[in-house]
Amino acid sequence: MGFTIDRIVLRQISLPLVHFFETSFGRTTERHMVIVEVSSQGVSGWGEVTAGENPFYNEEWTDSAWLIVRNYAAPRVLNRALDNAGEVNGLTGHIRGHNMARGGVEAAVWDLQARLNGNPLYKEIGGGARKEIPCGVSIGIQNSVPELLRKIQSELESGYQRIKMKIKPGWDIDVIREVRREFPSIKLMADANSAYTLADTDHLKRLDEFYLMMIEQPLAHDEIIDHAALQAKLDTPICLDECLRSAHQAEQAIRLRAGGIINIKLGRVGGFSEARRMHDVAHKAGIPVWCGGMLESGIGRAHNIALSTLENFVLPGDVSASKRYWSRDIIQPEVEVTPRGTILVGDQPGFGYQIDHDFLRSVTVRQEELH
Ligand code: OSB
Ligand code: MG
């Protein structure tokens with residue numbers, strides 16, 4: 001059954017992180033994200049734009065996302081008769097780049113469709129291969145090695161199934177050696193967020209000694225070919241993040257053997273339709289995938305949980321409990337993780353959690369309604 005979106009509300013919210021998050025491109029202490037509410041005859045669907053506060057992970061940031069959603073993506077779906085949320089990707093497809101802004105709108109429309117149909121979101125997108133999502137954590141660069149070791153210890157005690165640590169030149173080999181000495185048998189991986197070049201090949205080769213599950217995006221954010229050259233030299237599998245923005249790029253990377261694993265992020269690829277296509281391409285090629293995170297609020301987190309129920313999301317992802325990020329989340333109940341390091345997938349219509357409207361209002365720093 002089709003539907004028409006008759007109202008879109010954009011909100012920019014601000015949420016302080018309980019602990020700063022540092023990557024090779026910088027430190028984040030407070031998130032500013034754009035939340036998209038799309039409504040049809042009084043029923044609302046919700047989406048989150050996962051862009052950061054600065055254009056450092058990719059070209060997008062909160063302010064660019066606001067303008068792209070308001071001036072380009074939202075008007076393309078507003079007051080248009082839709083047969084299926086799968087049409088949104090094409091309707092905004094002529095916008096160059098800005099996948100996170102497009103994806104925030106697209107995800108909201110999927111959530112709306114799920115609610116209108118009375119289905120859980122995971123079912124609407126063709127997921128449901130598992131009712132329990134295996135969870136890992138992404139741990140940022142810390143002020144000291146002992147602090148990192150303490151954090152890893154505490155996440156393992158919470159039950160998380162794998163540890164990802166951020167690395168950069170100067171915080172890599174020696175730090176990983178300490179981690180491996182302390183935790184010789186954990187599932188461990190490293191994420192460089194594009195901090196190296198092919199000239200660092202010999203240096204990165206030394207990581208093989210630590211039998212990591214994978215090294216994520218060691219080379220440039222827009223580079224596939226160099227990753228293929230590096231992968232040929234490394235035993236450690238390369239996992240691609242930043243450089244894969246579409247299913248087609250994933251196909252090219254697989255053909256070139258640029259990596260053995262793919263991190264799929266809903267925002268980076270522009271929403272569920274493309275995420276599903278990327279998942280299918282990898283699945284067909286025997287490449288496992290996992291769901292990445294962008295320090296999302298509960299809304300984006302709930303979407304990630306739905307995405308993680310697709311069949312080929314076989315590795316623990318970066319989707320973890322709300323309380324690791326926020327002293328209070330904008331959804332209820334908050335996302336919780338079981339002692340065995342999993343998230344249970346609910347069967348309520350839509351993304352499966354309630355919006356905490358009072359709290360949402362209190363963290364909203366700008367709002368605009370489109371008709
Ligand atoms: O590269 O996966 C990344 C956070 C911000 C930007 C990029 C990345 C990350 C994470 C955090 O690793 C994942 C999370 O806990 O949400
Ligand atoms: Mg990454």
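For ligands, and for the atoms within them, numbers begin at 1 and follow the listed sequence. Note that the structure is predicted; figures quoted are calculated from it, not measured.
Of the protein's heavy atoms, F21 CZ, 3.5 Å lies nearest to atom 11 (C) of ligand 1. Nearest protein heavy-atom neighbour of atom 15 (O) of ligand 1: Y325 OH, 2.5 Å. Annotation: atom 13 (C) of ligand 1 to nearest protein heavy atom, G293 O, 3.4 Å. Nearest protein neighbour of atom 16 (O) of ligand 1, counting heavy atoms only, is L295 N, 2.9 Å.
Here Q217 has no heavy atoms under 4.0 Å from ligand 1, in either its backbone or its side chain. Here T23 has no heavy atoms under 4.0 Å from ligand 1, in either its backbone or its side chain. Under 4.0 Å from ligand 1, the heavy atoms of N193 that appear belong solely to its side chain. Heavy atoms of E216 found under 4.0 angstrom from ligand 1 belong exclusively to the side chain. Under 4.0 angstrom from ligand 1, the non-hydrogen atoms of D191 all belong to its side chain.
Taking a cutoff of 4.0 Å between a charged side-chain nitrogen and a carboxylate oxygen, D111 and R115 qualify as a salt bridge. In this structure, E59 pairs ionically with R245, as a charged nitrogen and a carboxylate oxygen lie closer than 4.0 Å. With respect to the salt-bridge test (charged N to carboxylate O, under 4.0 angstrom), the residues E209 and R180 do not qualify. A salt bridge links R162 to D318: at least one charged side-chain nitrogen sits closer than 4.0 Å to a carboxylate oxygen. At a threshold of 4.0 Å, the pair D202-K205 does not count as salt-bridged, since none of the basic side-chain nitrogens sits closer than that to a carboxylate oxygen. With salt bridges taken as basic N to acidic carboxylate O contacts below 4.0 Å, one links R7 and E369. Salt bridge E37/R11: present, at least one basic N to carboxylate O contact under 4.0 Å.
Closest to atom 8 (C) of ligand 1 by heavy atom, among R31, K166, K164, is K166. The nearest non-hydrogen atom to atom 3 (C) of ligand 1, considering only K265, E242, R301, comes from K265.
Across all non-hydrogen atoms, the minimal contact from V109 to A85 is CG1-CB, 3.8 Å. For the residue pair I13 and S297, the shortest heavy atom distance occurs at CD1-CB, 4.5 Å.
Neighbouring protein atoms of the Mg ion (ligand 2) (N, O or S, distance under 2.8 Å, waters ignored): D191 OD2, E216 OE2, D241 OD2.
Against a heavy-atom cut-off of under 4.0 Å, D241 is close to the following atoms of ligand 1: 1 (O), 2 (O), 3 (C). Close contacts of ligand 1 with D318, meaning ligand atoms under 4.0 Å from a residue heavy atom, involve 12 (O), 13 (C), 14 (C), 15 (O).
No continuous path of ILVMFWY side-chain contacts below 4.5 Å connects V38 to I299, so the two sit in separate hydrophobic clusters.
For the pair R301 and Y325, the cation sits on the ring face: its NZ or CZ lies under 6.0 Å from the ring centre, inside 45° of the axis.
The aromatic rings of H303 and F272 sit tilted relative to each other, their planes meeting at an angle between 30° and 60°.
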